[in-house]
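First comes the structure, then the notes that go with it.
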Number of protein chains: 2
Amino acid sequence: MKPLSVKLKPIENLTQVDKIELTLQEYLRSGNFMPGDSIPKELELADALGVSRTAIREALSRFKTLGIIESRKNRGMVISTPDILGNMERVLNPQLLDDETMREIFELRLVIEMGLGDLLFKRKTDAALAKLETIVEKCEKATNKVEYIKNDAEFHAVLYKLSGNKTIQRFQKMLLPIFEYILKRMPGVADTRETTNYTSHRALLEILKNGTPEEFNGQMRDHLRNYFTI
Amino acid sequence: MKPLSVKLKPIENLTQVDKIELTLQEYLRSGNFMPGDSIPKELELADALGVSRTAIREALSRFKTLGIIESRKNRGMVISTPDILGNMERVLNPQLLDDETMREIFELRLVIEMGLGDLLFKRKTDAALAKLETIVEKCEKATNKVEYIKNDAEFHAVLYKLSGNKTIQRFQKMLLPIFEYILKRMPGVADTRETTNYTSHRALLEILKNGTPEEFNGQMRDHLRNYFTI
DNA sequence: TTTGTATATATGTAGTACATATTTATAAAC
DNA sequence: GTTTATAAATATGTACTACATATATACAAA
(Lines give C-alpha, C1' and ligand atoms only; values in the text may rest on other atoms or scores of the structure.)
Protein backbone atom coordinates (compact mmCIF):
# COMPACT_ATOMS: atom_id res chain seq x y z
CA MET A 1 0.00 0.00 0.00
CA LYS A 2 1.15 3.51 -0.67
CA PRO A 3 2.23 5.11 2.59
CA LEU A 4 0.24 8.06 3.76
CA SER A 5 2.06 11.34 3.52
CA VAL A 6 3.47 12.27 6.88
CA LYS A 7 2.37 15.78 6.15
CA LEU A 8 -1.20 14.64 6.46
CA LYS A 9 -2.15 16.02 9.82
CA PRO A 10 -5.23 14.88 11.74
CA ILE A 11 -8.07 17.32 11.39
CA GLU A 12 -8.20 19.64 14.32
CA ASN A 13 -10.30 18.04 16.95
CA LEU A 14 -10.53 20.79 19.50
CA THR A 15 -13.38 20.65 21.91
CA GLN A 16 -15.48 23.66 22.65
CA VAL A 17 -13.61 24.17 25.90
CA ASP A 18 -10.27 24.00 24.08
CA LYS A 19 -11.37 26.82 21.83
CA ILE A 20 -12.61 28.84 24.76
CA GLU A 21 -9.29 28.31 26.48
CA LEU A 22 -7.42 29.62 23.47
CA THR A 23 -9.73 32.59 23.19
CA LEU A 24 -9.33 33.48 26.84
CA GLN A 25 -5.59 32.96 26.63
CA GLU A 26 -5.39 35.46 23.82
CA TYR A 27 -7.68 37.77 25.76
CA LEU A 28 -5.46 37.61 28.81
CA ARG A 29 -2.28 38.07 26.81
CA SER A 30 -3.45 40.99 24.75
CA GLY A 31 -5.09 42.66 27.72
CA ASN A 32 -1.79 43.23 29.50
CA PHE A 33 -3.25 42.06 32.77
CA MET A 34 -1.23 42.36 35.93
CA PRO A 35 -1.56 40.25 39.06
CA GLY A 36 -4.46 41.57 41.05
CA ASP A 37 -6.46 42.70 38.05
CA SER A 38 -9.89 41.21 37.91
CA ILE A 39 -11.51 39.68 34.85
CA PRO A 40 -15.18 39.57 33.91
CA LYS A 41 -17.38 37.21 35.80
CA GLU A 42 -18.32 33.83 34.45
CA LEU A 43 -21.75 34.78 33.19
CA GLU A 44 -20.39 37.77 31.34
CA LEU A 45 -17.72 35.66 29.68
CA ALA A 46 -20.25 32.98 28.81
CA ASP A 47 -22.52 35.60 27.36
CA ALA A 48 -19.73 37.31 25.44
CA LEU A 49 -18.55 34.07 23.86
CA GLY A 50 -22.00 32.65 23.39
CA VAL A 51 -21.38 29.47 25.31
CA SER A 52 -22.62 27.95 28.51
CA ARG A 53 -21.34 28.80 31.92
CA THR A 54 -20.36 25.15 32.25
CA ALA A 55 -17.87 25.37 29.42
CA ILE A 56 -16.51 28.72 30.61
CA ARG A 57 -16.01 27.31 34.05
CA GLU A 58 -14.06 24.37 32.72
CA ALA A 59 -11.80 26.64 30.72
CA LEU A 60 -11.27 28.92 33.69
CA SER A 61 -10.60 25.86 35.83
CA ARG A 62 -7.57 25.15 33.67
CA PHE A 63 -6.14 28.59 34.32
CA LYS A 64 -6.89 28.16 37.98
CA THR A 65 -5.04 24.86 38.00
CA LEU A 66 -2.04 26.54 36.43
CA GLY A 67 -2.20 29.31 39.00
CA ILE A 68 -2.80 32.07 36.50
CA ILE A 69 -6.09 33.14 38.05
CA GLU A 70 -7.73 32.78 41.40
CA SER A 71 -11.37 32.87 42.30
CA ARG A 72 -13.27 33.73 45.44
CA LYS A 73 -16.93 33.71 46.08
CA ASN A 74 -18.59 36.94 45.22
CA ARG A 75 -15.26 38.51 44.33
CA GLY A 76 -14.93 37.07 40.90
CA MET A 77 -11.68 36.07 39.27
CA VAL A 78 -8.40 37.89 39.62
CA ILE A 79 -5.11 37.43 37.83
CA SER A 80 -2.50 35.93 40.10
CA THR A 81 1.23 35.27 40.10
CA PRO A 82 1.72 31.66 39.09
CA ASP A 83 4.15 29.38 40.84
CA ILE A 84 6.42 28.32 38.01
CA LEU A 85 7.82 25.33 39.86
CA GLY A 86 4.59 24.31 41.53
CA ASN A 87 3.07 22.84 38.42
CA MET A 88 6.20 20.94 37.60
CA GLU A 89 6.36 19.65 41.13
CA ARG A 90 2.89 18.18 40.87
CA VAL A 91 3.84 15.96 37.97
CA LEU A 92 7.37 15.00 38.97
CA ASN A 93 6.41 11.43 39.63
CA PRO A 94 9.01 8.79 38.78
CA GLN A 95 6.18 6.34 38.31
CA LEU A 96 4.78 8.34 35.42
CA LEU A 97 7.85 9.75 33.70
CA ASP A 98 9.81 7.82 31.13
CA ASP A 99 13.37 6.79 31.80
CA GLU A 100 14.88 9.06 29.19
CA THR A 101 13.32 12.15 30.72
CA MET A 102 14.45 11.15 34.18
CA ARG A 103 17.97 10.60 32.95
CA GLU A 104 17.89 14.10 31.51
CA ILE A 105 16.60 15.57 34.74
CA PHE A 106 19.35 13.76 36.56
CA GLU A 107 21.87 15.34 34.23
CA LEU A 108 20.31 18.74 34.68
CA ARG A 109 20.87 18.45 38.39
CA LEU A 110 24.51 17.60 37.82
CA VAL A 111 24.94 20.49 35.44
CA ILE A 112 23.43 22.93 37.92
CA GLU A 113 25.62 21.71 40.70
CA MET A 114 28.73 22.08 38.59
CA GLY A 115 27.87 25.63 37.65
CA LEU A 116 26.95 26.82 41.10
CA GLY A 117 30.38 28.03 42.19
CA ASP A 118 30.02 31.69 41.43
CA LEU A 119 26.76 32.10 43.27
CA LEU A 120 28.19 30.39 46.31
CA PHE A 121 31.28 32.55 46.44
CA LYS A 122 29.20 35.61 45.92
CA ARG A 123 26.88 34.89 48.79
CA LYS A 124 28.75 32.76 51.25
CA THR A 125 28.61 33.79 54.88
CA ASP A 126 30.65 32.79 57.88
CA ALA A 127 27.57 31.27 59.46
CA ALA A 128 26.92 29.08 56.45
CA LEU A 129 30.54 27.99 56.28
CA ALA A 130 30.40 27.05 59.94
CA LYS A 131 27.31 25.01 59.31
CA LEU A 132 28.99 23.21 56.43
CA GLU A 133 31.95 22.59 58.68
CA THR A 134 29.84 20.70 61.21
CA ILE A 135 28.22 18.66 58.47
CA VAL A 136 31.56 17.72 56.97
CA GLU A 137 32.81 16.72 60.39
CA LYS A 138 29.78 14.55 60.94
CA CYS A 139 30.40 13.09 57.53
CA GLU A 140 33.98 12.26 58.40
CA LYS A 141 32.83 10.44 61.49
CA ALA A 142 30.04 8.53 59.83
CA THR A 143 30.33 4.78 60.15
CA ASN A 144 27.67 3.38 57.86
CA LYS A 145 26.14 4.03 54.51
CA VAL A 146 22.89 5.43 55.82
CA GLU A 147 24.73 8.13 57.73
CA TYR A 148 26.90 8.91 54.74
CA ILE A 149 23.93 9.39 52.49
CA LYS A 150 22.06 11.48 55.01
CA ASN A 151 25.02 13.77 55.48
CA ASP A 152 25.63 13.95 51.77
CA ALA A 153 22.07 15.12 51.18
CA GLU A 154 22.40 17.67 53.96
CA PHE A 155 25.68 18.96 52.61
CA HIS A 156 24.25 19.57 49.18
CA ALA A 157 21.05 21.04 50.59
CA VAL A 158 23.04 23.61 52.54
CA LEU A 159 25.06 24.40 49.46
CA TYR A 160 21.92 25.12 47.51
CA LYS A 161 20.58 27.23 50.31
CA LEU A 162 23.85 29.10 50.31
CA SER A 163 23.30 29.98 46.68
CA GLY A 164 20.74 32.49 47.86
CA ASN A 165 18.50 31.52 44.99
CA LYS A 166 15.22 30.17 46.25
CA THR A 167 14.14 28.99 42.81
CA ILE A 168 17.26 26.90 42.34
CA GLN A 169 16.97 25.68 45.89
CA ARG A 170 13.41 24.51 45.42
CA PHE A 171 14.24 23.06 42.06
CA GLN A 172 16.91 20.89 43.58
CA LYS A 173 14.60 19.74 46.33
CA MET A 174 12.04 18.69 43.78
CA LEU A 175 14.62 16.76 41.84
CA LEU A 176 15.73 14.69 44.82
CA PRO A 177 13.20 11.88 44.32
CA ILE A 178 14.30 11.55 40.71
CA PHE A 179 17.89 11.44 41.85
CA GLU A 180 17.14 8.66 44.31
CA TYR A 181 15.14 6.79 41.73
CA ILE A 182 17.94 6.90 39.20
CA LEU A 183 20.56 5.73 41.67
CA LYS A 184 18.41 2.84 42.75
CA ARG A 185 16.87 1.68 39.55
CA MET A 186 18.97 2.68 36.62
CA PRO A 187 21.55 0.25 35.38
CA GLY A 188 25.01 1.65 34.91
CA VAL A 189 24.78 4.40 37.50
CA ALA A 190 26.82 3.63 40.55
CA ASP A 191 25.88 5.09 43.87
CA THR A 192 29.28 6.30 45.00
CA ARG A 193 28.12 8.54 47.77
CA GLU A 194 29.72 6.36 50.38
CA THR A 195 33.21 6.11 49.04
CA THR A 196 33.87 9.54 47.60
CA ASN A 197 32.25 11.93 49.97
CA TYR A 198 34.20 12.10 53.11
CA THR A 199 37.28 13.40 51.40
CA SER A 200 35.48 15.25 48.67
CA HIS A 201 33.20 17.27 50.89
CA ARG A 202 36.14 18.40 52.93
CA ALA A 203 37.91 19.55 49.80
CA LEU A 204 34.86 21.44 48.58
CA LEU A 205 34.51 23.20 51.87
CA GLU A 206 38.17 24.21 52.05
CA ILE A 207 37.98 25.64 48.55
CA LEU A 208 34.82 27.48 49.44
CA LYS A 209 36.66 29.02 52.37
CA ASN A 210 39.91 29.99 50.71
CA GLY A 211 39.73 29.14 47.04
CA THR A 212 38.09 30.41 43.88
CA PRO A 213 34.88 29.60 42.01
CA GLU A 214 36.92 27.87 39.30
CA GLU A 215 38.58 25.61 41.80
CA PHE A 216 35.24 24.89 43.38
CA ASN A 217 33.56 23.97 40.13
CA GLY A 218 36.51 21.78 39.27
CA GLN A 219 36.35 19.93 42.56
CA MET A 220 32.60 19.54 42.14
CA ARG A 221 33.19 17.97 38.75
CA ASP A 222 35.45 15.51 40.45
CA HIS A 223 32.91 14.95 43.17
CA LEU A 224 30.24 14.07 40.65
CA ARG A 225 32.35 12.47 37.94
CA ASN A 226 31.15 8.96 38.67
CA TYR A 227 27.61 9.89 37.81
CA PHE A 228 28.64 10.94 34.36
CA THR A 229 28.79 7.41 33.10
CA ILE A 230 25.21 7.55 31.98
CA MET B 1 -3.43 45.00 71.97
CA LYS B 2 -1.85 41.65 72.33
CA PRO B 3 -0.58 40.54 68.95
CA LEU B 4 -2.19 37.52 67.41
CA SER B 5 -0.03 34.46 67.54
CA VAL B 6 1.54 33.82 64.19
CA LYS B 7 0.75 30.20 64.79
CA LEU B 8 -2.90 30.99 64.37
CA LYS B 9 -3.56 29.64 60.92
CA PRO B 10 -6.74 30.31 58.97
CA ILE B 11 -9.17 27.43 59.17
CA GLU B 12 -8.89 25.17 56.19
CA ASN B 13 -11.30 26.30 53.60
CA LEU B 14 -11.10 23.54 51.06
CA THR B 15 -13.88 23.31 48.57
CA GLN B 16 -15.57 20.04 47.76
CA VAL B 17 -13.56 19.78 44.57
CA ASP B 18 -10.33 20.38 46.46
CA LYS B 19 -11.09 17.43 48.70
CA ILE B 20 -12.00 15.28 45.74
CA GLU B 21 -8.72 16.23 44.10
CA LEU B 22 -6.78 15.17 47.18
CA THR B 23 -8.71 11.92 47.40
CA LEU B 24 -8.13 11.11 43.75
CA GLN B 25 -4.48 12.09 44.06
CA GLU B 26 -4.03 9.63 46.88
CA TYR B 27 -5.96 7.04 44.90
CA LEU B 28 -3.69 7.51 41.90
CA ARG B 29 -0.55 7.46 43.99
CA SER B 30 -1.38 4.40 46.01
CA GLY B 31 -2.71 2.55 43.00
CA ASN B 32 0.69 2.41 41.31
CA PHE B 33 -0.82 3.36 38.01
CA MET B 34 1.33 3.34 34.92
CA PRO B 35 0.81 5.41 31.78
CA GLY B 36 -1.83 3.72 29.72
CA ASP B 37 -3.76 2.33 32.65
CA SER B 38 -7.36 3.39 32.70
CA ILE B 39 -9.25 4.67 35.69
CA PRO B 40 -12.93 4.31 36.55
CA LYS B 41 -15.37 6.39 34.58
CA GLU B 42 -16.78 9.61 35.89
CA LEU B 43 -20.07 8.23 37.06
CA GLU B 44 -18.40 5.45 38.96
CA LEU B 45 -16.08 7.87 40.69
CA ALA B 46 -18.95 10.21 41.48
CA ASP B 47 -20.91 7.31 42.87
CA ALA B 48 -17.97 5.96 44.88
CA LEU B 49 -17.27 9.33 46.48
CA GLY B 50 -20.89 10.30 46.87
CA VAL B 51 -20.60 13.54 44.93
CA SER B 52 -21.98 14.87 41.71
CA ARG B 53 -20.49 14.20 38.34
CA THR B 54 -19.98 17.95 38.02
CA ALA B 55 -17.54 18.04 40.92
CA ILE B 56 -15.73 14.91 39.80
CA ARG B 57 -15.33 16.38 36.37
CA GLU B 58 -13.80 19.54 37.75
CA ALA B 59 -11.32 17.56 39.83
CA LEU B 60 -10.43 15.38 36.85
CA SER B 61 -10.11 18.50 34.75
CA ARG B 62 -7.24 19.59 36.96
CA PHE B 63 -5.39 16.37 36.37
CA LYS B 64 -6.07 16.69 32.69
CA THR B 65 -4.66 20.21 32.74
CA LEU B 66 -1.51 18.92 34.38
CA GLY B 67 -1.24 16.17 31.80
CA ILE B 68 -1.56 13.34 34.29
CA ILE B 69 -4.63 11.86 32.63
CA GLU B 70 -6.20 12.02 29.23
CA SER B 71 -9.78 11.46 28.23
CA ARG B 72 -11.47 10.38 25.04
CA LYS B 73 -15.10 9.92 24.30
CA ASN B 74 -16.40 6.50 25.14
CA ARG B 75 -12.93 5.34 26.10
CA GLY B 76 -12.81 6.82 29.56
CA MET B 77 -9.76 8.23 31.25
CA VAL B 78 -6.26 6.87 31.02
CA ILE B 79 -3.11 7.73 32.90
CA SER B 80 -0.63 9.57 30.72
CA THR B 81 2.97 10.71 30.83
CA PRO B 82 2.96 14.36 31.84
CA ASP B 83 5.14 16.94 30.17
CA ILE B 84 7.16 18.27 33.08
CA LEU B 85 8.23 21.42 31.28
CA GLY B 86 4.95 22.00 29.51
CA ASN B 87 3.15 23.27 32.56
CA MET B 88 5.97 25.57 33.46
CA GLU B 89 6.07 26.88 29.93
CA ARG B 90 2.44 27.87 30.07
CA VAL B 91 2.99 30.19 33.01
CA LEU B 92 6.40 31.61 32.11
CA ASN B 93 5.02 35.03 31.41
CA PRO B 94 7.23 37.98 32.34
CA GLN B 95 4.08 40.04 32.71
CA LEU B 96 2.85 37.86 35.55
CA LEU B 97 6.03 36.87 37.39
CA ASP B 98 7.60 39.02 40.04
CA ASP B 99 11.03 40.53 39.50
CA GLU B 100 12.73 38.47 42.16
CA THR B 101 11.63 35.20 40.58
CA MET B 102 12.75 36.35 37.16
CA ARG B 103 16.12 37.36 38.51
CA GLU B 104 16.44 33.88 39.95
CA ILE B 105 15.48 32.25 36.70
CA PHE B 106 18.03 34.42 34.97
CA GLU B 107 20.65 33.17 37.39
CA LEU B 108 19.57 29.59 36.89
CA ARG B 109 20.23 29.95 33.21
CA LEU B 110 23.70 31.29 33.90
CA VAL B 111 24.41 28.45 36.30
CA ILE B 112 23.33 25.85 33.78
CA GLU B 113 25.44 27.36 31.07
CA MET B 114 28.50 27.40 33.28
CA GLY B 115 28.07 23.77 34.22
CA LEU B 116 27.44 22.49 30.75
CA GLY B 117 31.03 21.75 29.77
CA ASP B 118 31.14 18.06 30.52
CA LEU B 119 28.02 17.23 28.58
CA LEU B 120 29.31 19.13 25.58
CA PHE B 121 32.67 17.39 25.57
CA LYS B 122 31.01 14.07 26.03
CA ARG B 123 28.72 14.48 23.07
CA LYS B 124 30.37 16.87 20.67
CA THR B 125 30.50 15.84 17.06
CA ASP B 126 32.49 17.12 14.11
CA ALA B 127 29.32 18.24 12.41
CA ALA B 128 28.26 20.31 15.40
CA LEU B 129 31.69 21.86 15.69
CA ALA B 130 31.56 22.79 12.04
CA LYS B 131 28.20 24.39 12.55
CA LEU B 132 29.54 26.39 15.48
CA GLU B 133 32.45 27.42 13.32
CA THR B 134 30.20 29.00 10.74
CA ILE B 135 28.23 30.80 13.42
CA VAL B 136 31.36 32.18 15.02
CA GLU B 137 32.58 33.36 11.64
CA LYS B 138 29.32 35.10 10.98
CA CYS B 139 29.59 36.62 14.42
CA GLU B 140 33.06 37.94 13.68
CA LYS B 141 31.82 39.59 10.53
CA ALA B 142 28.75 41.10 12.10
CA THR B 143 28.50 44.85 11.77
CA ASN B 144 25.61 45.89 13.96
CA LYS B 145 24.07 45.03 17.27
CA VAL B 146 21.09 43.20 15.83
CA GLU B 147 23.35 40.78 14.00
CA TYR B 148 25.49 40.27 17.06
CA ILE B 149 22.53 39.39 19.21
CA LYS B 150 21.06 37.10 16.63
CA ASN B 151 24.32 35.22 16.28
CA ASP B 152 24.78 35.11 20.00
CA ALA B 153 21.41 33.47 20.46
CA GLU B 154 22.17 31.00 17.69
CA PHE B 155 25.56 30.15 19.17
CA HIS B 156 24.09 29.35 22.54
CA ALA B 157 21.18 27.47 21.03
CA VAL B 158 23.56 25.19 19.15
CA LEU B 159 25.56 24.66 22.33
CA TYR B 160 22.47 23.52 24.14
CA LYS B 161 21.53 21.26 21.31
CA LEU B 162 25.02 19.84 21.42
CA SER B 163 24.45 18.88 25.03
CA GLY B 164 22.28 16.07 23.78
CA ASN B 165 19.82 16.71 26.58
CA LYS B 166 16.45 17.63 25.20
CA THR B 167 15.08 18.64 28.57
CA ILE B 168 17.89 21.11 29.15
CA GLN B 169 17.56 22.30 25.59
CA ARG B 170 13.87 22.98 25.94
CA PHE B 171 14.38 24.52 29.32
CA GLN B 172 16.79 27.03 27.90
CA LYS B 173 14.47 27.86 25.04
CA MET B 174 11.68 28.56 27.49
CA LEU B 175 13.91 30.82 29.52
CA LEU B 176 14.85 33.02 26.58
CA PRO B 177 11.97 35.49 26.96
CA ILE B 178 12.88 35.93 30.62
CA PHE B 179 16.45 36.52 29.59
CA GLU B 180 15.43 39.18 27.12
CA TYR B 181 13.12 40.79 29.62
CA ILE B 182 15.83 41.03 32.26
CA LEU B 183 18.34 42.55 29.87
CA LYS B 184 15.87 45.12 28.70
CA ARG B 185 14.06 46.06 31.83
CA MET B 186 16.18 45.34 34.84
CA PRO B 187 18.38 48.10 36.18
CA GLY B 188 21.98 47.17 36.76
CA VAL B 189 22.19 44.42 34.18
CA ALA B 190 24.24 45.45 31.22
CA ASP B 191 23.60 43.90 27.86
CA THR B 192 27.17 43.15 26.87
CA ARG B 193 26.43 40.79 24.06
CA GLU B 194 27.80 43.18 21.51
CA THR B 195 31.16 43.88 22.98
CA THR B 196 32.23 40.57 24.43
CA ASN B 197 31.01 37.98 22.03
CA TYR B 198 33.08 38.12 18.96
CA THR B 199 36.24 37.22 20.80
CA SER B 200 34.62 35.14 23.46
CA HIS B 201 32.71 32.85 21.18
CA ARG B 202 35.85 32.10 19.24
CA ALA B 203 37.64 31.21 22.43
CA LEU B 204 34.82 28.91 23.55
CA LEU B 205 34.85 27.13 20.24
CA GLU B 206 38.61 26.61 20.21
CA ILE B 207 38.46 25.16 23.70
CA LEU B 208 35.62 22.90 22.70
CA LYS B 209 37.77 21.66 19.84
CA ASN B 210 41.05 21.11 21.63
CA GLY B 211 40.62 21.94 25.29
CA THR B 212 39.07 20.45 28.38
CA PRO B 213 35.69 20.79 30.12
CA GLU B 214 37.35 22.77 32.91
CA GLU B 215 38.79 25.25 30.48
CA PHE B 216 35.46 25.52 28.75
CA ASN B 217 33.55 26.19 31.95
CA GLY B 218 36.13 28.76 32.91
CA GLN B 219 35.85 30.57 29.62
CA MET B 220 32.09 30.44 29.88
CA ARG B 221 32.35 32.07 33.28
CA ASP B 222 34.31 34.82 31.68
CA HIS B 223 31.84 35.06 28.85
CA LEU B 224 28.98 35.56 31.26
CA ARG B 225 30.72 37.43 34.05
CA ASN B 226 29.11 40.76 33.26
CA TYR B 227 25.70 39.34 34.00
CA PHE B 228 26.74 38.43 37.49
CA THR B 229 26.37 41.96 38.76
CA ILE B 230 22.81 41.34 39.76
C1' DT C 1 -16.49 53.51 66.53
C1' DT C 2 -17.70 49.16 66.79
C1' DT C 3 -21.01 45.40 66.26
C1' DG C 4 -24.93 43.21 64.35
C1' DT C 5 -28.23 42.34 60.52
C1' DA C 6 -30.05 42.17 55.96
C1' DT C 7 -29.37 41.97 51.17
C1' DA C 8 -27.19 41.44 46.88
C1' DT C 9 -23.92 38.96 44.27
C1' DA C 10 -20.44 35.70 42.08
C1' DT C 11 -18.66 31.40 42.56
C1' DG C 12 -19.46 26.37 44.02
C1' DT C 13 -22.29 22.06 43.72
C1' DA C 14 -26.06 19.10 42.14
C1' DG C 15 -28.95 17.21 38.83
C1' DT C 16 -31.03 16.49 34.33
C1' DA C 17 -31.03 16.26 29.47
C1' DC C 18 -28.96 15.81 25.33
C1' DA C 19 -24.83 16.08 21.86
C1' DT C 20 -20.89 13.79 20.13
C1' DA C 21 -17.54 10.56 19.21
C1' DT C 22 -15.97 5.91 19.43
C1' DT C 23 -16.36 1.08 20.31
C1' DT C 24 -18.74 -3.21 19.52
C1' DA C 25 -21.83 -6.08 17.34
C1' DT C 26 -24.32 -7.37 13.40
C1' DA C 27 -25.68 -7.53 8.69
C1' DA C 28 -24.73 -6.91 3.79
C1' DA C 29 -21.79 -7.03 -0.22
C1' DC C 30 -17.98 -8.55 -2.97
C1' DG D 1 -13.55 -14.87 4.14
C1' DT D 2 -12.63 -10.25 3.94
C1' DT D 3 -14.32 -5.94 3.54
C1' DT D 4 -17.92 -2.44 3.95
C1' DA D 5 -22.43 -0.54 5.92
C1' DT D 6 -25.39 0.00 9.47
C1' DA D 7 -27.12 0.09 14.12
C1' DA D 8 -26.80 0.04 19.06
C1' DA D 9 -24.35 0.96 23.23
C1' DT D 10 -21.43 3.80 25.90
C1' DA D 11 -18.46 7.50 28.18
C1' DT D 12 -17.20 11.99 27.77
C1' DG D 13 -18.64 16.87 26.31
C1' DT D 14 -22.00 20.75 26.57
C1' DA D 15 -26.10 23.17 28.09
C1' DC D 16 -29.39 24.58 31.32
C1' DT D 17 -31.62 25.07 35.78
C1' DA D 18 -31.75 25.33 40.64
C1' DC D 19 -29.82 26.05 44.79
C1' DA D 20 -25.77 26.37 48.33
C1' DT D 21 -22.20 29.16 50.12
C1' DA D 22 -19.30 32.78 51.07
C1' DT D 23 -18.30 37.61 50.77
C1' DA D 24 -18.95 42.56 49.98
C1' DT D 25 -21.90 46.38 50.88
C1' DA D 26 -25.16 49.13 53.15
C1' DC D 27 -27.45 50.32 56.99
C1' DA D 28 -29.15 49.93 61.70
C1' DA D 29 -28.17 49.28 66.59
C1' DA D 30 -25.32 49.49 70.56
Side-chain angles (χ1 to χ4, degrees), chain A residues 1-2 4 9-25 27-28 31 33 35-80, chain B residues 1-4 9-25 27-28 33 35-80:
Chain A
M1 193 194 301
K2 204 172 173 182
L4 280 176
K9 281 185 292 186
I11 68 163
E12 58 172 291
N13 198 7
L14 294 177
T15 69
Q16 179 88 294
V17 174
D18 290 333
K19 293 179 203 158
I20 295 174
E21 182 190 354
L22 291 175
T23 303
L24 290 181
Q25 198 162 38
Y27 169 70
L28 292 178
F33 287 96
D37 292 351
S38 63
I39 60 178
K41 57 192 184 188
E42 297 175 348
L43 279 174
E44 285 174 355
L45 290 172
D47 204 47
L49 299 188
V51 294
S52 71
R53 193 182 153 218
T54 309
I56 288 286
R57 271 183 66 77
E58 187 167 337
L60 289 173
S61 159
R62 298 183 183 177
F63 293 117
K64 279 191 267 185
T65 300
L66 293 173
I68 294 175
I69 64 176
E70 280 172 355
S71 65
R72 280 173 62 192
K73 281 175 180 166
N74 195 35
R75 281 200 49 179
M77 314 272 205
V78 299
I79 305 293
S80 58
Chain B
M1 194 196 300
K2 205 171 172 182
L4 279 179
K9 279 186 290 189
I11 67 165
E12 56 173 294
N13 200 5
L14 295 177
T15 70
Q16 180 89 291
V17 174
D18 289 333
K19 294 178 202 161
I20 296 174
E21 182 189 355
L22 291 175
T23 302
L24 290 181
Q25 199 161 38
Y27 169 70
L28 293 178
F33 287 96
D37 292 351
S38 64
I39 60 179
K41 58 192 185 189
E42 297 175 347
L43 279 174
E44 286 173 354
L45 290 173
D47 206 45
L49 299 188
V51 295
S52 71
R53 192 181 155 219
T54 309
I56 287 286
R57 272 183 66 77
E58 186 167 337
L60 289 173
S61 158
R62 298 184 184 177
F63 293 117
K64 280 192 265 185
T65 301
L66 294 173
I68 295 175
I69 64 177
E70 281 173 352
S71 65
R72 279 173 62 192
K73 279 175 183 165
N74 195 35
R75 281 202 48 180
M77 315 272 205
V78 299
I79 306 293
S80 58

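Just so you know, these numbers use all the heavy atoms, side chains as well, and skip hydrogens, waters and symmetry mates. Below, chain A is the first sequence line, B the second, and so on; all start at residue 1. Note that the structure is predicted; figures quoted are calculated from it, not measured.
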Next on the checklist: In this structure, how many angstroms lie between the C1' atom of dT9(C) and the CE atom of M77(A), rounded?
Outcome noted: 14 Å

Checklist entry - Would you say dT22(C) has OP1 or OP2 under 4.0 Å from some side-chain N or O of R75(B)? => result no

Item to check | Side-chain N,O (Q16(B)) to OP1/OP2 (dA14(C)) below 4.0 Å | outcome: yes

Checklist entry - Taking DNA chain D as the partner, which of residues 39-58 of chain B come within under 4.0 angstrom of it by heavy atom? => result K41(B), E42(B), R53(B), R57(B)

Next on the checklist: Quick test of your reading: applying side chain to side chain donor-acceptor pair (under 3.5 Å), list the pairs with at least one residue in residues 42-51 of chain B, sequence neighbours left out, ordered by first then second residue.
Outcome noted: E42(B)-R53(B), E42(B)-R57(B)

Checklist entry - How would you list, by chain and number, every residue that makes a salt bridge (charged side-chain N to carboxylate O under 4.0 Å, His left out) with D37(A), sequence neighbours excluded? => result none

Quick one: side chains of residues 66-80 of chain A, donor-acceptor pairs under 3.5 Å with protein atoms, not counting sequence neighbours, listed by atom name and distance.
from, atom 1, to, atom 2, distance (Å)
S71(A), OG, K64(A), NZ, 3.4
S80(A), OG, G67(A), O, 2.9
S80(A), OG, I68(A), O, 3.3

Item to check | Non-neighbouring partners of T23(A) that pass side chain to side chain contact (heavy atoms under 4.5 Å, CB included), sequence neighbours left out | outcome: L49(A)

Checklist outcome for this item: Sorted by position of nearest nucleotide on DNA chain D, 5' first, the leading residue of N74(A) and D18(A) is D18(A)

Checklist outcome for this item: side chain to side chain donor-acceptor pair (under 3.5 Å) filter on S52(A), not counting sequence neighbours, yields none

Item to check | Partners meeting side chain to side chain donor-acceptor pair (under 3.5 Å) with S38(A) (sequence neighbours left out) | outcome: none

Checklist entry - Any side-chain N or O of T15(B) less than 4.0 Å from the OP1 or OP2 oxygen of dT13(C)? => result yes

Checklist entry - Looking at side-chain heavy atoms only, is the closest gap between I20(B) and L45(B) below 4.5 Å? => result no

Next on the checklist: Can you pull out the residues from residues 63-73 of chain B that lie within a 4.0 Å heavy-atom distance of DNA chain D?
Outcome noted: K64(B), S71(B), R72(B), K73(B)

Checklist entry - Does a side-chain heavy-atom distance below 4.5 Å link V17(A) with V51(A)? => result no

Checklist entry - dT14(D) P sits how many Å from E21(A) CD, rounded? => result 12 Å

